[in-house]
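Numbers for residues simply follow the sequence, beginning at 1. Note that the structure is predicted; figures quoted are calculated from it, not measured.
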Amino acid sequence: MTDIEVRAGENPELDKRLGDGLYEFNSTTTGIYDGELFSASVEDESGEIVAGVTGHTWGGHCEVSRLWVHESRRGRGVGRRLMEAVEREAIRRGCTQIGLSTHSFQAPLFYEGLGFKRIGTMPNCPTGHEQYFYLKSLVS
């Protein structure tokens, strides 16, 4: 075996291979094969992306990976509309919950206002801040 070298930067090919391998293992182990990615974006008048969301659903769970709104569009309901679209899609796919994480300096109050409950905290991630983990039930 050769030495392992950690490289800086993205590696989309490696990321895809790892994701495919993990999905194969997880699906074979659980018998759940309904995993599916999702994405949605908002563009300005010139076609520039000013907000978006990505994630996946699998086994009745929806996971939001990233949500971003350009600062010029924040506080105008764009993030709320994106999350409402994700919730509708999650329900359509048979999900009973949505999970996500955010940092203490990002949007915890935003998610709490959408009905998410904090279920965990990772301290000093990054140093001097916290990462919060949230869950929202989609069943009454």
Exercise. What is the ring orientation for Tyr111 with Tyr134, classed by angle as parallel under 30°, tilted 30 to 60°, or perpendicular over 60°?
Worked result: tilted
Exercise. How about Glu84: does its CD atom have over 12 heavy atoms from other parts shown lying under 6.0 Å from it?
Worked result: yes
Exercise. Can you find a pair of side-chain heavy atoms, one from Ile98 and one from Leu138, that are under 4.5 Å apart?
Worked result: yes
Problem set entry | N/O donor-acceptor pair under 3.5 Å between Arg93 side chain and Glu36 backbone | yes
For this session: Taking the side chain as every heavy atom from C-beta outward, state whether Tyr132 and Ile119 have any pair of such atoms under 4.5 Å apart.
Result: no
Exercise. Quick check: are there more than 12 heavy atoms from other residues, nucleotides or ligands sitting under 6.0 Å from CZ of Phe105?
Worked result: yes
For this session: Determine, using the 4.5 Å side-chain heavy-atom cutoff (strictly less than), whether Leu135 and Leu114 are members of one ILVMFWY cluster.
Result: no
Exercise. Got a sec: does the CZ of Arg74 have more than 12 other heavy atoms crowding it under 6.0 Å?
Worked result: yes
Exercise. What's the verdict on side chain to side chain donor-acceptor pair (under 3.5 Å) for Gln131 and Ser101, showing C-alpha distance, side-chain angles and the deciding distance?
Worked result: CA-CA 7 Å; Gln131 184 174 8; Ser101 70; 3.0 Å; yes
For this session: Check whether any side-chain N or O of Ser27 sits under 3.5 Å from a backbone N or O of Ile32 as a donor-acceptor pair, and report yes or no.
Result: yes
Seminar exercise, completed: Between Met122 and Phe133, the two heavy atoms sitting closest are CE-CZ, 3.9 Å
Exercise. Can you find a heavy atom in the side chain of Thr102 that is under 4.5 Å from one in the side chain of Phe116?
Worked result: no
Exercise. Side chains of Asp15 and Glu10: does their closest heavy-atom pair fall under 4.5 Å?
Worked result: no
For this session: Please collect all salt bridge (Lys or Arg N to Asp or Glu O under 4.0 Å) contacts where either partner lies in residues 49-68, sequence neighbours excluded, each pair once.
Result: none
Problem set entry | Closest heavy-atom pair and its distance - Cys95, Cys62 | SG-N, 3.9 Å
For this session: For the residue pair Asp44 and Arg73, establish whether any side-chain heavy-atom pair is separated by less than 4.5 Å.
Result: yes
Problem set entry | Arg92 vs Glu89, salt bridge (charged side-chain N to carboxylate O under 4.0 Å, His left out): CA-CA, chis, key distance, verdict | CA-CA 5 Å; Arg92 188 190 72 74; Glu89 182 62 14; 2.6 Å; yes
Exercise. Is Val50 close to Val78 at the side-chain level, that is, under 4.5 Å between some pair of heavy atoms?
Worked result: no
Exercise. Are Leu18 and Leu37 connected, step by step, through hydrophobic side chains (Ile, Leu, Val, Met, Phe, Trp, Tyr) whose heavy atoms are closer than 4.5 Å?
Worked result: no
Exercise. So, does Ser41 use its side chain to make a donor-acceptor pair with the main chain of Gly52 at under 3.5 Å?
Worked result: no
For this session: Kindly give the heavy-atom pair with the smallest separation between Trp58 and Tyr33, and that separation in Å.
Result: NE1-N, 4.5 Å
Exercise. Could you state the interatomic distance from CG (Leu100) to NZ (Lys136), rounded to the nearest 0.5 Å?
Worked result: 10.0 Å
